[in-house]
Structures are given as structure tokens and as C-alpha cells.
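Working notes for the structure below.
Both backbone and side-chain heavy atoms feed into the values below; hydrogens, waters and symmetry mates do not. Every chain is numbered from 1 and lettered A, B, ... according to where its sequence line falls, protein lines coming before strand lines. All of these numbers come straight from a predicted model, not from anything done at the bench.
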Amino acid sequence: MNATEARKQRQAAGKQSLSERLRSDENMARRIDAHLEELRLEQQFLDAMQAQHISGAELARRTKSKPASISRDLAGGLSSAKLGRVREMADAVGYDVVTLLVPRDPHERKRTIEKLSHELLGAGRD
Amino acid sequence: MSKPRTSADLDVYVGSVRCFEWFWSANGEMPSLDVFEDLDSGGKAAIMAVFEHWGDLELGKRVSETRINEEHDDPKILAAKAGKHRFSMFHAGNNVWIVCRYYEKQKQKLDKVGKAAIKLTIDDKKDYEKRLAAGEYYERN
């Protein structure tokens, strides 16, 4: 039996992963999500840089920063960066930063996101 | 002291792209799970977020070396990183990664403890492949 077959058997038997067990605690789920938010923001920068073949050194040149500063930003530093800094870096790779404040109530959240999506699409630059 | 484990403890995270399992030794222990359980809640959340992020990241997309780093070339041993915490892992095929050992790393270069952890991970890989081929790795409770 290989790893995939064994996992299917465990899933069929209703066995949960450690991630699922940890996430059953609301506080832990929030903590993990907070880290994931940081990782996703870093990833968006990495994706944009990869797509445009922009190195860390080039991003540093474009933002008039030291390469070490960019390295720090892309290794957890963005979580404590000012919004202006995030905007400056996004601008350097040809992106806009969109900040959203969304309600936690699921229904209100969906409605707000739909409204904001509509506004954003309407506000697209040509 | 290491706890005896069962197959119910194996899965770390089942992502849409990659899955992570703890290494399960022949004597029924999962050394890195023992360490994970002893981390504080901040450390647990930080390292789990790395597994979840990479587990769902499309193949071919570059991941930050500050989160997933190659610690050994051949065989390929990677480490999931969060702060000073490192969990080494090897590829078991089909985008399944086996998480083997824990070490702390403060500096750029691997120290003695880190090197020993990577060596143990390479040994774990050989042990995993041998027991898998013999039909003895997953065929237990």
C-alpha cells in the first residue's frame, strides 16, 4: 500500500488530519489564518516577480531600498509593514493594493464582497 | 519520552496539491510530532500555516526560501520554516511529503544539530522506502 492508498483508507475511516483537529479550536484557527494571510501576501509578490522576471535586487532598485530590506519584507516583514510600504512595493511590480474591510457575518460578508467586486471591476483602469 | 502513535496521527495536512505526513518509525514513534506537540500555540500556528500554504500552492509556483528551503540536494531534503523552527521532510512520491525531524536554526548555515537532523532524515527516507516495499509501513494500526 502506498501513501495515497493509505491516506484514502484513513479518510474513509473518518480520521482527521492534525490541521483539522487544530482548527476545531477557534483561537488556533484564527492564529493559523493570520499567518496564512501573511504568507499569501508574500506569495502574491513572489508570483508577480516571477511572472515579470523581477529579482529581489531589481525590486530593491525600483523601490530605492536595500536588497536586505526587500529580503526582510518578503520573509515576514510585510506583516508589520505600513500600508504605504506595501503600496510602494506593489507599484514597483505594476500592481495596485486593494484593502478590504469585510464583516464577519457570512451573509453580510458575501454581500459586501459582491458590492466591492462590482465597484472594483467598474473602477478598472484602461 | 516518545509516545507510541497510530495511523490516526499520521496526517499533518491534506492540501489540494501536496499532502504532509509525520514519519512513523519502525518502533511506532513519530519524533517530529512529539516536538510539534511541545511547541507553544504561536509556534504550532506558524508552522501549520507553512504546511497549509505550500500544500495548496500550485505546482510550478515559486515558494519563498524563507518558508520552504532545500537543505540537501541528493536526496532532496526540504525544511518547513517558521522563525527558528525547522521541520525536515522528504518526498515520498505523488506530492506526499514525509515530515521527519525537528531542529532549530538561528543562522544562515546549518549547525551540527541541523546537519545531524538532515542525516537522520536521509536515513528515515531509506527506512521508509525499505518498509514500504516490504508492505510494512502503512500496514499497521
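Using a 4.5 Å cut-off between heavy atoms, B/Phe36 touches chain A through its side chain atoms alone. Looking at A/Arg40, both its backbone and its side chain come within 4.5 Å of chain B, counting heavy atoms on both sides. Interface remark: B/Arg67 contributes side-chain atoms only to the contact with chain A (heavy atom separation under 4.5 Å). For B/Phe20, no part lies under 4.5 angstrom from a heavy atom of chain A. Only the side chain of A/Arg23 comes within less than 4.5 Å of a heavy atom in chain B; its backbone stays farther off. Using a 4.5 Å cut-off between heavy atoms, B/Ile98 makes no contact with chain A at all. Contact of B/Trp22 with chain A is made through the side chain alone, with heavy-atom distances under 4.5 Å. For A/Gln16, the part sitting under 4.5 Å from any heavy atom of chain B is the backbone (N, CA, C, O) and nothing else.
For the pair A/Leu18/B/Leu33, a side-chain contact is recorded, criterion being any heavy-atom separation below 4.5 Å from C-beta on. Two residues are said to be in side-chain contact when any heavy atoms from C-beta on lie closer than 4.5 Å; A/Arg7 and B/Asp11 meet this criterion. Counting heavy atoms from C-beta outward, B/Glu21 and A/Arg10 have side chains that approach closer than 4.5 Å.
Clustering ILVMFWY residues whenever any of their side-chain heavy atoms sit less than 4.5 angstrom apart, transitively, puts B/Ile122 in the very cluster that holds B/Val113. Hydrophobic clustering (side-chain heavy atoms under 4.5 Å, transitive across Ile, Leu, Val, Met, Phe, Trp, Tyr) keeps A/Leu41 apart from A/Val98. When hydrophobic clusters are built by joining Ile, Leu, Val, Met, Phe, Trp and Tyr residues whose side-chain heavy atoms come closer than 4.5 Å, directly or via intermediates, A/Val97 is grouped together with A/Ile54. Connection of A/Leu22 to B/Val35 is established within a shared hydrophobic cluster, with ILVMFWY side chains joined at heavy-atom distances below 4.5 Å, either directly or through further cluster members. Note on B/Trp54: it does not cluster hydrophobically with B/Val17, by side-chain heavy-atom contacts below 4.5 Å among ILVMFWY residues.
Taking each heavy atom of B/Glu52 and A/Ser19 in turn, the nearest pair found is OE2-OG, 2.8 Å. Taking every heavy atom of both residues into account, B/Ala49 and A/Leu39 meet most closely at O-CD1, 3.4 Å. Contact record, B/Val63 with A/Leu46: C-CD1, 4.0 Å, taken as the closest heavy-atom pair.
Note: B/Tyr13 OH to A/Ile32 CD1 = 10.0 Å, rounded to the nearest 0.5 Å. Here the straight-line distance linking atom CD of A/Glu5 with atom OH of B/Tyr138 works out to 10.5 Å at 0.5 Å rounding.
In terms of non-hydrogen atom pairs under 4.5 Å with chain A, the most contact-rich of B/Ser7, B/Ala82, B/Gly83, B/Ala92 is B/Ser7. For chain A, the option among B/Thr66, B/Asn95, B/Val12 with the highest count of heavy-atom pairs below 4.5 Å is B/Val12. The choice from B/Gly42, B/Ala8, B/Ala45 that makes the most heavy-atom pairs within less than 4.5 Å of chain A is B/Ala45. Interface summary for chain A: among B/Val14, B/Asp9, B/Ile47, the most heavy-atom pairs under 4.5 angstrom belong to B/Val14. Chain A forms more heavy-atom pairs under 4.5 Å with one residue of B/Leu132, B/Val50, B/Leu57 than with any other, namely B/Leu57. Highest contact tally toward chain B, considering only A/Arg31, A/Glu38, A/Arg30, is held by A/Arg31 [criterion: heavy-atom pairs under 4.5 Å].
Within 6.0 Å of atom CZ in A/Arg111, 12 or fewer heavy atoms from other residues, nucleotides or ligands are found, so the atom counts as exposed in its surroundings. For A/Glu26, the CD atom is loosely surrounded, since the number of other residues' heavy atoms within 6.0 Å does not exceed 12. More than 12 heavy atoms of other shown residues, nucleotides or ligands fall within 6.0 angstrom of atom CD in A/Gln52.
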Check step by step if side-chain hydrogen bond (donor to acceptor under 3.5 Å, both in side chains) holds for A/Gln43 and B/Ser64.
CA-CA 7 Å; A/Gln43 192 65 48; B/Ser64 170; over 6 Å; no
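Panel note: side chain A/Gln50, backbone B/Lys61; no donor-acceptor pair is recorded below 3.5 Å.
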